[in-house]
Amino acid sequence: MKQRKEMSIMPFSSMSFEQFQAAVHTALNPQQSGKQESLKADQLLKADGLLASHAVQCLSQPGLEDQVFFYCLCLLETYCRMATYTPVLRESILKFLLSLLDSGRTVPNFIKNKLAQVVCLCIMQEYGTTWQSAFKDMISWWMRSSAHADMFLKICWTLNEDMIGMNVSDEKVVRMKDWLRERDIPQLVHIWGLLLTDHSQPLLVKQALRCISGYACWIDVNLTANPDLLSRIYACLANDSFRSKSVECLTGIVAKGMPVLEKLKLIVYLNLPSVFSGALQLREEDEDFFEKTCRLLGECGVSLYSTAYTQEIADYYIQVLIPVLITYLEACLSIPECLLSLAQMCTVVPEYFKGGRPFDANLFLKLFNVFILVCKYPVDYDFECPGEDEELFPEIRQAYAVPFDHCLALLGSAGNDFMLSFISENMTRTDDQKAKELAVFLAFRYCDAHRGYMFSVQAPGGVKKLTLMIK
């Protein structure tokens, strides 16, 4: 068997560009070069940041294959994390990026995303020191073309994602956010808002909405929850192409941390019931939009939860959020993802029927009945999972077990007269099957909790008699 000739790679300090290209080819072609040689070349290339200039030079080659393009960007991503990183590398990367955008060359989206990641690493390295003008520099060229604007938005989005998910210290992320808030965020939000106005550029509109939703939870709420920007967001909400992204934007705004009474004022100001109503009407037409709106409703419920009794919040829950929640849960029975989006809100909702708050029996029973429908009588009966995603059903039952038990406990604490009266009045009804099923279920659970108790209810007309007793 013919032996492969081992690749000769000179020390990094003297590796020529041609040798760098050969090493890249070896790393990308394990079938041709052999797996061991390919792995060895990859490890050697990623071991020394002094090869960064070769990587940038390689990117500038005409007719470069996408595979090589992406691999060189991955090398630069590695080099930007090394101690050998200098502002000179960032300058050469930006020079190449601008020349690429100015040329009008079309590159795949995965390559543009990797370019944005490399630029963001440069920002993370220098924004606090030698490149404080990073966003001012990029703002200066975002209007040149849609390609420039697209890359600008990708960089903005990726930086936020990197600050959340990168392997950096919390202290560094906090400093980055402080610097951004102090220097550039107001202008960035202003530009994102401008990009929302041109619906003939759907890609840019979606990118801008994504940036607003990502940054909204940690920047000044006045930058996002103001009449000018909200009017543009709601204009996007009215557009079929942008409504899902617009709801994500509103969810990001609602998720902003603030005192609970200020949060209530924000939610009231956003006029979200109109959004909930519109999404419900489009449930079958646009399931993604409906699912995103479920997340918005869930965020409202969780954000407004407070262990301290607050009459204003309790009133908003009872009068607005819980009726919407009941309607949404009934509409979600065949959409497991939506049920999971609302599960956390359902966990806190029973708290608003406890002491000090007026007990709205009819509203509470509607809520409890829909919990039973979601859980499908989880303790006593074995029902098939609604919908097609049966693998999610155990998770749904587990998520709703807590609010289900809370409601059952509250029914007992509301007074036996109330529960017994409801059971007696509804157990044998023929005009409302749901009320009848709920009454039978409550009677079963009540007898289970009070061993030896017996319900004996005469059916209308004296034809049948229903007796329940658990010894």
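Since we're looking at a predicted model, the values are computed, not measured.
Between Trp141 and His148, the angle of the ring planes goes over 60°, which puts this pair in the perpendicular group of the 30/60° scheme.
Listed by chain and number, the residues in a ring pair (Phe, Tyr, Trp, His ring centres under 6.0 Å) with Tyr316 amount to none (sequence neighbours excluded). The side chain to side chain donor-acceptor pair (under 3.5 Å) search around Lys154 returns Asn109, Asn113, not counting sequence neighbours. Evaluation of the salt bridge (charged side-chain N to carboxylate O under 4.0 Å, His left out) rule for Glu285 yields Arg243 as partners, not counting sequence neighbours.
For NE2 of His190, the number of neighbouring non-hydrogen atoms (other residues, nucleotides, ligands) closer than 6.0 Å is 12 at most. For Gln344, the CD atom is loosely surrounded, since the number of other residues' heavy atoms within 6.0 Å does not exceed 12.
Salt-bridge formation is detected for the pair Arg175/Glu171: a Lys NZ or Arg NE/NH1/NH2 atom is positioned less than 4.0 Å from an Asp or Glu carboxylate oxygen. Between Arg181 and Asp178 there is a salt bridge, since a side-chain N of the basic residue sits under 4.0 Å from a carboxylate O of the acidic one.
With contacts defined as side-chain heavy-atom distances shorter than 4.5 Å, the pair Ser277/Gln281 qualifies.
Taking the six-membered ring for Trp, Tyr328 and Phe290 have ring centres closer than 6.0 Å.
Heavy atoms only, all atoms of each residue included: Leu367 and Ile326 are closest at N-CD1, 3.7 Å.
From Lys292, atom NZ reaches atom CG of Leu250 across 12.5 Å, with rounding to the nearest 0.5 Å.
With 3.5 Å as the limit, one finds a donor-acceptor pair spanning the side chains of Asp137 and Ser133.
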